[in-house]
Amino acid sequence: MLLVNTIRDNFDVVLEGLSKRNFQQAEITLHQVIELDNKRKETQTERDNLQAESNNISKEIGMLMREGKKEEAEKIKSRTAEIKAQIKVLEDSFSTIEEELKQKLYTLPNIPHSSVPAGKSAEDNEIVLEHGSIPELPESKMAHWDLIKKYDIIDFDLGVKIAGAGFPVYKGKGARLQRALINFFLDEAMKAGYTEVQPPILVNEESGYGTGQLPDKEGQMYEATADKLFLIPTAEVPITNLYRDVIVNEQDFPIKNVGYTPCFRREAGSWGAHVRGLNRLHQFDKVEIVQVVHPDQSYITLEDMSKYVQGLLQKLELPYRVLRLCGGDMGFTSSLTYDMEVYSAAQERWLEVSSVSNFENFQANRLKLRFKGSDKKTQLAHTLNGSALALPRIVASILENNQTEDGIKMPKVLVPYLGFDKI
RNA sequence: AGAGAGGUGUCCGAGUGGUUGAAGGAGCACGCCUGGAAAGCGUGUAUACCCGUGAGGGUAUCGAGGGUUCGAAUCCCUUCCUCUCUGCCA
């Protein structure tokens with residue numbers, strides 16, 4: 001959530017940022033926000049003054065009562081009725097205004113970093129770099145959805161029976177590959193200084209608001225309605241919310257957490273070849289890295305995280321490219337996002353396997369995640385996260401890119417985790 | 001799930017209607033003392049918002065939300081959480 005003061009002090013920057021995101025009626029909305037905030041302040045001042053008066057009268061009554069001057073106390077009491085009525089009115093309009101203001105602020109996305117290109121859709125994303133060479137496969141190459149059948153390692157039909165479409169069942173070496181990847185990713189993160197956490201995969205509403213899934217995006221999450229809990233779409237939600245309502249010490253920066261969780265997405269929308277096989281699922285596994293850092297450091301951290309993720313892809317020997325997302329394609333809460341895409345050689349497509357984002361203080365503001373600086377002032381921290389990595393498409397590209405006449409070669413780094421080198 | 005107990009500041013802990021933002025202690029910070037340290041002494045030690053150039057002032061916050069009252073940490077209701085016993089269960 002944007003700070004009203006940010007909007008006030010950097011009106012033009014905010015306005016420009018919103019237009020980069022193709023946000024409609026930005027200027028009107030921003031003026032409304034400022035106007036509401038002004039009204040909020042006025043109302044609070046008025047209310048506080050009356051409340052102070054009322055408090056003084058109460059104190060007076062208390063004093064008189066102790067001195068045993070009952071009649072005088074009774075006399076003063078009558079004065080309070082009117083004040084109380086006024087307070088009630090102001091109180092009501094104060095909370096109405098506050099609520100309105102909040103709702104308005106909830107509609108405003110984060111302001112893109114200056115390096116974010118303008119643009120409407122994925123086509124306008126900027127390719128930052130490409131790495132690795134695209135493997136040449138024989139004519140007989142198979143897409144992963146055929147490979148998994150051939151080797152009987154992932155079964156979608158079984159998943160349909162148990163849950164529904166988009167809930168695959170991993171079997172035998174397929175299941176081992178999943179487990180190997182998870183362990184590999186966690187171990188790598190640990191080596192890079194991340195602390196592993198195992199959070200709940202159901203979260204309450206507050207957590208959804210904290211990281212920005214709520215309001216508005218409840219449709220993307222599975223909900224356990226009886227308990228008002230949501231299945232997480234990403235470990236970002238529980239892990240970042242670990243720091244909700246927390247004031248951390250500046251010395252504790254950077255805070256680096258990593259967690260493996262299943263992720264659940266309803267993803268109502270598109271069908272077809274692009275979502276075939278492992279390309280898009282309702283349940284998938286992901287290892288997520290999350291950092292909480294000093295505002296001065298967040299862009300350096302973002303680069304670090306991007307490099308870290310790229311390192312993983314290199315170790316897995318997958319050709320990849322890095323995109324800087326344009327304003328139109330970036331997530332609501334992000335200031336700057338890099339997407340990592342691997343090339344899946346049988347589909348002949350780039351598949352997104354990681355998204356690394358700096359949220360600056362947008363999430364921290366909602367989370368009330370702050371730190372005490374050297375000047376003793378509390379201020380909002382910056383949060384970042386990134387997939388490191390999401391499994392299904394990694395699996396897809398490993399299977400496709402490494403297929404040979406006599407099996408699928410596994411990346412060397414995984415062999416110790418797998419206990420085999422070929423499927 | 002049933003019965004009971006309880007949730008107070010960084011922590012422990014007092015407080016059952018009237019200067020209580022909250023006694024006391026611990027911790028922490030600073031200062032004094034010391035050759036240095038410990039002990040001791042002194043001072044300070046929440047968050048948010050509002051007013052004010054500033055010093056400073058105001059309002060709210062004792063799990064959360066509502067209510068009673070001139071006045072609530074204290075009374076009532078709802079709700080969440082923790083602990084103990086019983087039940088159930090991986």
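Residue numbers start from 1 in every chain, and the chains themselves are labelled A, B, ... in the order their sequence lines are given, proteins ahead of strands.
- Of the two residues contacting RNA chain B, namely A:K77 and A:R40, the nearest-nucleotide position lying further toward the 5' end is that of A:R40.
- Applying the Watson-Crick and G-U wobble criteria (two distances, each under 3.5 Å), B:rA46 pairs with B:rU61.
- When Watson-Crick and G-U wobble pairs are counted only if both distances are under 3.5 Å, B:rG36 pairs with no nucleotide at all.
- The nucleotide range of RNA chain B contacted by chain A, defined by atoms under 4.0 angstrom from heavy atoms of the protein and reported 5' to 3', is B:rG18 to B:rG71.
- Closest-nucleotide positions on RNA chain B for A:A52 and A:K88 were compared, and the one nearer the 5' end corresponds to A:A52.
- Here A:S115 pairs with A:H113, A:R324 under the side-chain hydrogen bond (donor to acceptor under 3.5 Å, both in side chains) rule; sequence neighbours left out.
- Nucleic acid contact class of A:Q44 (heavy atoms, under 4.0 Å, all strands): base.
- Between A:D92 and A:K88, at least one side-chain N (NZ, or NE/NH1/NH2) sits under 4.0 Å from a carboxylate O, which counts as a salt bridge.
- Taking atom C1' on both nucleotides, B:rU68 is separated from B:rU74 by 13 Å, rounded to a whole Å.
- In the region residues 54-63 of chain A, proximity to RNA chain B at under 4.0 angstrom, judged on heavy atoms, holds for A:N55, A:S58, A:I61, A:G62.
- Of all nucleotides present, none satisfies the Watson-Crick or G-U wobble test against B:rA55 with each distance under 3.5 Å.
- Distance check on atom C1': B:rC80 versus B:rG66 gives 15 Å, rounded to whole Å.
- Taking atom P in both B:rA60 and B:rG4, the straight-line distance is 36 Å, to the nearest Å.
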Got a list of side-chain donor-acceptor pairs under 3.5 Å for residues 103-111 of chain A, not counting sequence neighbours?
residue : atom : partner : partner atom : Å
A:Q103  : NE2  : A:E99   : OE2          : 2.6
A:K104  : NZ   : A:Q32   : OE1          : 3.4
A:T107  : OG1  : A:K104  : O            : 2.6
A:N110  : ND2  : A:T333  : O            : 2.9
A:N110  : ND2  : A:S335  : OG           : 3.0
A:N110  : ND2  : A:F359  : O            : 3.1

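- The aromatic rings of A:F167 and A:Y222 sit tilted relative to each other, their planes meeting at an angle between 30° and 60°.
- Contact detail for A:I289 and A:Y308: the closest heavy-atom pair is CD1-CD2, 3.8 Å.
- Going from the C1' atom of B:rA90 to that of B:rA72 covers 46 Å, rounded to whole Å.
- Within the shown strands, nothing qualifies as a pairing partner of B:rA72 under the Watson-Crick or G-U definition with both distances less than 3.5 Å.
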Side-chain donor-acceptor pairs under 3.5 Å in residues 52-61 of chain A, sequence neighbours left out?
residue : atom : partner : partner atom : Å
A:N56   : ND2  : A:A52   : O            : 3.4
A:S58   : OG   : A:S54   : O            : 3.3

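- Rounded to a whole angstrom, the distance from the C1' atom of B:rG9 to that of B:rA22 is 8 Å.
- Ring geometry for A:F253 against A:F371 counts as perpendicular: the plane angle is over 60°, on a 0 to 90° scale with 30° as the lower cut.
- Annotation: B:rA46 and B:rC28 have their C1' atoms spaced 14 Å apart (nearest Å).
- Between B:rG13 and B:rU86, the two P atoms lie 26 Å apart (nearest whole Å).
- Remark: B:rU10 base-pairs with B:rA26; criterion is Watson-Crick or G-U wobble with both hydrogen-bond distances under 3.5 Å.
- Between A:F184 and A:Y417, the ring-plane angle classifies as perpendicular under the 30° and 60° cut-offs.
- When the C1' atom is compared between B:rU8 and B:rG63, the two are found 10 Å apart, to the nearest whole Å.
- Listed by first and then second residue, the salt bridge (charged side-chain N to carboxylate O under 4.0 Å, His left out) pairs involving residues 171-199 of chain A are A:D152-A:K171, A:D155-A:K171, A:E188-A:K191, A:E188-A:K315 (not counting sequence neighbours).
- Searching all strands for a Watson-Crick or G-U wobble partner of B:rU84 with both distances below 3.5 Å returns B:rA3.
- For A:N402 (side chain) and A:I408 (main-chain N/O), no donor-acceptor pair under 3.5 Å exists by modelled atom type.
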